[in-house]
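Read the numbers this way: they start at 1 and go in the same order the structure lists the ligands and their atoms.
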Amino acid sequence: YLNGSLLGRSENMFHEAVFNVTNKLRWGQNNTLAVRFDPPLKRLNPENPFKSTWGRNPDRVFMRKAQFGYGWDWGPRLPTIGIWRPVELVRHRIGALLGTQFNTLRVDHKNNTALVMVRVEAMRFAGDTPLKAEIRLALPGEKKPVLFETLTLDQPGPLQDPVAYFTVKNPKLWWTNDLLGSDAEPALYDFRVTLRKGKDVLDVKEQKVGIRTLTLDQSPDPDEPGTRFFRFVLNGVPIFAKGANWIPADSFVGAIPPEHYERLLVMARDANMNMLRIWGGGIYEHDVFYELCDRLGILVWQDFMFACAMYPENDNRFINEVDAEARYQVRRLRSHPSLALWCGNNENQWLHERNNYDKPWEKVPGSLYYDVILPGAVKELDGVTPYWPGSPYGGSDYNSMEEGDRHNWWVWHGGPPRRFGEPVTADHSPEGVSYRHYAEDFGRFISEFGMHAAPVYETLRRVIPEDQRYHHSPSMDHHNKDNPKNKGDALMESVTGLPEDLETYIDFSMIAQAEGLKFGIEHFRRRKPHCSGALFWQLNDCWPVLSWSLIDYYGFGKAGYYYARRVFAPVLASFKEEADGGVSLWITNDLLDEFRDKVIVRLGRFDGDPVWEQALEVKAPENFSGEVRRWTREELTDPAGGDCNGLYLWVRSAANKFPENRHFFAAIKDLQREPVEPEMEIRQVGEGELEVELLAPANAYFVHLTHPDENTRYSDNYFDLEPGDRRVVRVTNPKAALNPAEIHLGWR
Ligand code: BMA
C-alpha cells in the first residue's frame with residue numbers, strides 16, 4: 001500500500017516485486033509505504049492432493065518459498081516471512097534497461113580471438129525516438145576498452161532487444177581456479193551498457209563478466225560402449241568437476257552477512273573445489289554468491305527451486321508464478337562466467353519413479369515446468385548455458401550409471417542401484433551402507449553422495465546443554481534431523497566401531513565421513529573421463545547440526561574438509577585395490593601440463609621401519625588419469641611374517657607436485673596398530689600466527705589441531721604423520737590473537 005492505496009501483491013519470494021508508483025506518489029510530501037504479511041503458514045494447503053512429498057511437509061509445495069524452511073533432513077522447521085532483499089525507489093525517464101547479456105560463443109585458440117554475444121533488453125516508455133545502447137568491455141583499470149560499440153534501438157513498440165556479435169582479440173580467458181596456470185585469479189572484464197537518448201544518459205548497467213565457453217558434452221563414450229559422457233567442457237577442455245552441494249547458509253536467508261559467503265566460498269576454493277551445486281530446496285542465491293564464484297574460479301550448477309516433491313500443474317496462478325520466476329532468474333544470472341548449468345529440480349523425477357515403479361507411464365506432476373516452462377525460459381533468455389531437466393536425471397531409473405548425473409545414496413541411506421520398473425529395496429546394515437560401495441559406482445557424474453559427521457566440540461559446546469553432551473542424548477538427536485537417528489552408527493560400525501563417549505563420537509564420525517569421502521572421490525577421479533564430476537553432499541549447514549556437511553554452521557572445518565582439500569588437489573596420486581589382492585598406483589592429472597616427477601612409494605609397518613621403499617620416475621599426460629605402477633599381493637607382504645593389517649602403503653612426490661597419500665589394507669578398526677602421540681612444539685610467530693611443529697616416532701593417524709575460534713586457519717589438518725617426519729603447521733587467525741595454550745592436539 002502506498003499512502004493507503006493498494007499497489008499490488010506478491011506471493012513468490014523468487015522474483016522481484018515491481019510496482020509502478022508514478023501516479024501514486026505525492027511530490028514534495030511525505031509518502032507512506034506499508035507492507036502487510038500473511039502469517040507464514042496461512043497459505044499452505046493442508047489438503048494436498050499429492051499424497052507424497054516423501055515425508056517432507058506436503059503443504060510446502062504450494063508456496064513459492066524456500067522449501068527447506070518447512071523442515072529438512074538437516075534443517076529445522078522455521079517458516080519465515082518478510083522482506084529479504086533490498087527495497088528501492090527507482091526513477092526512470094523515457095526508457096530503461098530491463099536486462100543485458102554477455103556470453104562467449106566461441107574461443108579460437110589458434111587465432112587468439114573470441115566471439116562474444118551481447119543482448120540489450122530495453123523498455124521505451126515514451127515516444128518512438130530511437131535510443132542508443134553503448135556497449136563497453138574493458139579489463140579493470142585499463143583505459144582503453146577492448147570493445148566499444150553502439151547499437152541503435154529503433155524498432156517500433158516499447159520493447160527493444162537487439163542481439164549483436166563481436167570479436168575480441170587477444171582475450172584473457174576465464175578459467176576455474178585449478179586451471180589458472182600462473183594467473184593468480186580468473187580474468188574478469190568490466191562490462192557496461194549505457195542507454196542514451198542523444199547525449200542524455202537514461203540508464204546504466206554494469207557487471208563483471210568473463211570470456212570463456214562452457215558446454216555440456218553428452219556424446220557417446222567410445223571406451224565404455226552403451227554409455228554417454230556427462231562432462232563440462234571449459235574453453236574446449238573437458239574438465240572434472242570437483243566440489244560439493246550448497247544449501248542456504250542460514251535458516252534465515254535474508255540476514256546472511258556477505259562476509260559469511262566470502263568465508264565459505266574461499267574455504268571451498270582453498271579445498272580445490274571448482275564447482276558448487278546450488279541445490280533446489282533452498283534459494284537462488286544472493287548476488288554476492290555468484291560474484292564471489294566468478295572471482296574465485298568456481299563454476300555454479302544452478303537448480304531451479306523445486307525439491308523432493310510433486311508440484312501442482314493445474315493452477316494457472318502457480319504456473320504464471322513459475323514462469324515469471326524463471327524469466328527473472330535467467331535474466332539475472334545468465335552473464336555470470338561461473339554459471340555452468342540450469343537444472344530443473346532436485347530428485348523429483350527420480351523419487352516419483354521409485355514410488356510409482358509399477359506405473360512407468362506416469363510423469364511426475366511438475367514435468368510441465370522441468371520439460372517445458374523452465375527450458376523455454378532458458379532457451380529464450382539465455383540461449384547459451386546448457387539446461388538439464390533434473391538432478392539426478394538420464395538413463396534408466398533416472399539415476400543411471402550409463403547416462404546423465406547420479407546421486408549415490410547407496411552409501412548412508414542404503415539404497416542399492418536399480419532400473420526402471422524394478423521394486424525399491426533398502427539395506428541399512430553396516431555392510432549395506434558401507435562406503436566401499438562407491439567402488440561399485442560406475443556413474444558418469446556423481447552430483448550427490450555423502451555421510452554424516454559431528455561438528456567440532458566447540459560447536460556442540462555452544463548449542464548442547466552440558467548434561468546432554470553424549471551420543472544420542474535427546475538434545476544431540478534433536479540436532480540431527482535425519483531419521484532414524486542411528487544411521488551413522490551403522491556406518492561407524494564398518495569403519496571405526498561404535499564410539500564410547502562424546503570425544504570418540506566426534507572423532508569416529510569424522511573419520512567415517514572423511515575416509516568415505518576420500519575413498520569415493522579417489523574412485524570417481526580415477527575414472528576420469530568416463531566419470532567427470534564428484535560433488536559431495538553437502539558443503540555447509542544452515543544451523544548447528546549433525547549432518548553431511550564438511551564445514552559446520554559456525555565455519556569450523558570437519559576432518560572431511562581437510563581430506564577433501566587433499567583429495568581434490570589438481571594432481572592426485574591414489575592407490576587402488578585390485579581384485580587379485582594386488583594394488584595399483586594411479587596418477588590423476590587435471591592440469592593442462594604433463595606430469596613428470598620422482599615418486600617415492602613405501603610399504604611401511606605401523607610400528608616402525610619400512611618393509612621397502614621405491615623411487616619411481618613417473619610421467620602422465622595432461623588432463624589424464626591412469627595406472628602408473630602395480631604391485632602383486634606377494635610384493636605387499638611382510639617378509640618378517642607380520643600381519644598385512646600391520647602394514648600400509650604410502651606415496652610422496654619428490655617435487656611436492658601432489659599431496660601425500662596412503663593405503664590401508666583393512667578398515668581402521670581392524671588395523672594392527674597402537675595410537676601414537678606426536679610430539680608438539682608451538683612457536684608464536686605473530687599475534688595471530690603460530691607455527692606448530694609435530695614429530696612422531698611411528699605412523700601417527702588422524703593428527704589434528706583444534707582451537708575454539710572459527711576464524712582460526714590451518715595450513716593442513718587431520719593428517720597422518722610418517723615416522724620421523726617433522727611437520728610444521730601454520731596456524732593463523734586474521735581476527736584475534738592466538739594463545740598457544742588454547743591449541744589442542746588430537747590423534748587416534
Ligand atoms: C538428497 C538431497 C537432499 C537431502 C540429502 C540427504 O536427497 O537432495 O534433499 O537433504 O539427499 O538426505
Does the side chain of E403 pick up a donor-acceptor pair with the side chain of Y393 at under 3.5 Å?
no

Pair E448 + R277: basic N to acidic O under 4.0 Å:
yes

Candidates W350, Y357, W361, Y398 - the one meeting ring pair (Phe, Tyr, Trp, His ring centres under 6.0 Å) with F420:
Y398

Under 4.0 Å from a heavy atom of H413: give me the atoms of ligand 1 that qualify, with their elements.
6 (C), 12 (O)

Part of C308 within contact of ligand 1 (heavy atoms, under 4.0 Å)
side chain

With D294, which residues qualify under side-chain hydrogen bond (donor to acceptor under 3.5 Å, both in side chains), at least two apart?
H336, S338

So the atoms of ligand 1 within less than 4.0 Å of a heavy atom of E347 turn out to be 1 (C), 7 (O), 8 (O)

If the cut-off is 4.0 Å to any non-hydrogen atom of W72, which atoms of ligand 1 fall inside it?
3 (C), 4 (C), 9 (O), 10 (O)

Examine ligand 1 and decide if any of its atoms is less than 4.0 Å from a heavy atom belonging to W279.
yes

Classify the contact between H407 and ligand 1 as side chain, backbone, both or neither, using a heavy-atom distance cut-off of under 4.0 Å.
neither

Who gets closest to atom 8 (O) of ligand 1 by heavy atom: R277, E448, Q67, K487?
E448

I want to know whether F702 and Y718 have ring centres closer than 6.0 Å.
yes

Ring centroids only, cut at 6.0 angstrom: are Y438 and F519 within range, meaning strictly under it?
no

